[in-house]
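Contents: one structure, followed by commentary.
Since this is a predicted model, take the numbers as computed values, not measurements.
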Amino acid sequence: MSFGSRVQAASQAYGPVCVGIDPHPGLLEQWGLEDSVEGLERFAATCVEAFAGQVAFVKPQSAFFERFGSRGVAVLERTIADLRHTGSLVILDIKRGDIGSTAAAYATAYLDEDSPMAVDAVTVSPYLGFGTLTPFFAAAELNDAGVFVLALTSNPEAPQVQHAVTESGRTVAGSVLAQLKAANEGLTPMGPLGAVVGATIGATDEDLDIGGPLLIPGFGAQGGGTDDLDRLFGHLPTERLLVSTSRGVLSAGPDVGALRAAAADLNEQLTRG
């Protein structure tokens, strides 16, 4: 199945929630775990047990595994392998962005099915130039994977770059969105190239109908609510919306049942009506 078809099927089966797996020190402490590789392993295993095959999308944040060095990366590899092929799609939050052979190496590392780190999709940064993302797009096409490109993020520093106007008269974000739309054109049920658009960006005049999925961080603990989703994305097909939350679900841990219930409750809230 194409990535777009898998996104649609997973969303229809489970709902739009994308649970971020962010084992930062404060959350490990909240769960009664040490800030160590052993604590990381327990945290990751609990998330796998709670979410694998129970939610449509899971999004490990690579940095929180990488900070433990090779042993932490090994935990991430196992977590990815355990989550995949359960009906849940794994989006690795890495926000990579580079040029030439280096970008190609990153793409191979995360999107080639023969790689030990292979996932269903990755996040990438377009700010070395949209064309530098070509290796990621090519690897995604070859492996029926997806790529989510930063476009309109929620952090307060973003507007100085993303709202800057290019020579074409478009904003930087608008240019990114337009190029994604062109690349997805004609693909059904949606293309494999998505955009990251925050739930807390406020009003926007940009065209968010890019013919591909939108990864929407900022929901829940970061301040975004259902009113924001309706206002920004209500005109788009619901199966294209991946609503990302971390603390809003993970704060229910470490009990597996409570974690599952928190994710299920949020899916019900977002799909009601």
Side-chain angles (χ1 to χ4, degrees), residues 3 6-7 10-11 13-24 27 40 43-67 72-73 75-96 106 109-111 117-125 136 140 145-155 192-200 212-222 224 229 233 239-253 259-260 262-264 266-267 270:
F3 180 70
R6 289 188 289 136
V7 167
S11 182
Y14 301 111
V17 169
C18 174
V19 178
I21 299 181
D22 297 358
H24 57 76
L27 191 53
L40 177 71
F43 181 94
T46 300
C47 288
V48 169
E49 185 178 357
F51 305 129
Q54 302 294 319
V55 298
F57 314 102
V58 287
K59 183 172 66 66
Q61 170 48 259
S62 183
F64 291 120
F65 294 83
E66 293 175 30
R67 69 192 183 96
V73 173
V75 174
L76 178 60
E77 286 186 14
R78 291 195 298 272
T79 302
I80 290 168
D82 290 343
L83 284 167
R84 296 194 74 201
H85 314 300
T86 65
S88 299
L89 303 188
V90 179
I91 302 166
L92 187 59
D93 198 351
I94 51 172
K95 299 182 179 70
R96 296 291 190 255
Y106 279 134
Y110 301 113
L111 298 178
M117 297 281 283
V119 292
D120 297 290
V122 293
T123 59
V124 298
S125 171
F136 289 97
V147 179
F148 288 91
V149 182
L150 301 179
L152 287 165
T153 58
S154 296
N155 58 301
L193 306 185
V196 179
V197 179
T200 58
L214 298 180
L215 180 61
I216 307 170
F219 185 84
Q222 296 182 40
L229 298 180
F233 312 108
E239 63 267 20
R240 294 188 194 172
L241 308 180
L242 285 61
V243 182
S244 181
T245 182
S246 297
R247 282 173 288 173
V249 171
L250 297 180
S251 60
L259 287 165
R260 285 182 182 169
L266 184 54
N267 266 319
L270 294 177

Inset, instruction - With the side chain counted from C-beta on, respond yes when I21 and F64 share a heavy-atom pair under 4.5 Å apart, and no when they do not. - result: no
Legend entry - side-chain contact (heavy atoms from CB on, under 4.5 Å) partners of N267, counting only residues at least two apart: P16, V17
Legend entry - Euclidean distance, S125 OG relative to F136 CZ, rounded to 0.5 Å: 9.5 Å
Inset, instruction - Measure the spacing between CG of L152 and CD1 of I216 and express it to the nearest 0.5 Å. - result: 11.5 Å
Legend entry - Whether F148 and F3 hold their rings parallel, tilted or perpendicular, with breakpoints at 30° and 60°: perpendicular
Inset, instruction - Would you give the length of the straight line joining atom OH of Y14 to atom OG of S88, rounded to the nearest 0.5 angstrom? - result: 5.5 Å
Legend entry - Heavy-atom closest pair, residues G15 and A56: O-CB, 3.3 Å
Inset, instruction - Taking all non-hydrogen atoms of both residues into account, name the closest pair between A140 and L111 and its distance. - result: N-CD1, 4.0 Å
Legend entry - I94 vs Y106, side chain to side chain contact (heavy atoms under 4.5 Å, CB included): CA-CA, chis, key distance, verdict: CA-CA 10 Å; I94 51 172; Y106 279 134; over 6 Å; no
Legend entry - Over all atoms of both residues, closest heavy-atom pair of V58 and C18: C-SG, 4.4 Å
Inset, instruction - Decide yes or no for Q61 and K95: does some side-chain heavy atom of the first lie under 4.5 Å from some side-chain heavy atom of the second? - result: yes
Legend entry - Member of L215, T245, L92 meeting the side-chain contact (heavy atoms from CB on, under 4.5 Å) criterion with K59: L215
Inset, instruction - Nearest 0.5 Å please: distance from the CG atom of L270 over to the OG atom of S11. - result: 10.0 Å
Inset, instruction - Please confirm whether the backbone N or O of G53 pairs with a side-chain atom of T86, one donor and one acceptor, at under 3.5 Å? - result: yes
Inset, instruction - Without swapping roles, check the side chain of R96 against the backbone of V124 for a donor-acceptor pair under 3.5 Å. - result: no
Inset, instruction - Taking all heavy atoms of V55 and all of A263, pick out the closest pair and write down the distance. - result: CG1-CB, 3.7 Å
Legend entry - CA sep, side-chain torsions, deciding dist, call: C47, L83, side chain to side chain contact (heavy atoms under 4.5 Å, CB included): CA-CA 9 Å; C47 288; L83 284 167; over 6 Å; no
Inset, instruction - Heavy atoms only: give me the nearest V90-P60 pair and the separation to one decimal. - result: CG1-CD, 3.9 Å
Legend entry - Between CZ on residue R6 and CG on residue D120, distance to nearest 0.5 Å: 4.5 Å
Inset, instruction - Could you pull out the closest heavy-atom pair between V7 and E239, with the gap in Å? - result: CG1-O, 3.5 Å
Inset, instruction - Determine, step by step, whether D22 and D93 satisfy the side chain to side chain contact (heavy atoms under 4.5 Å, CB included) criterion, reporting the C-alpha distance in whole Å, the side-chain angles of both residues, the deciding distance to 0.1 Å, and the verdict. - result: CA-CA 10 Å; D22 297 358; D93 198 351; over 6 Å; no
Inset, instruction - Please step through side chain to side chain contact (heavy atoms under 4.5 Å, CB included) for the pair L242 and I91, ending with a clear verdict. - result: CA-CA 11 Å; L242 285 61; I91 302 166; 3.5 Å; yes
Inset, instruction - Could you grab the distance from atom CG of L40 to atom OG1 of T79, nearest 0.5 Å is fine? - result: 7.0 Å
Inset, instruction - Apply salt bridge (charged side-chain N to carboxylate O under 4.0 Å, His left out) to E49 and list each qualifying residue two or more places apart in sequence or on a separate chain. - result: none
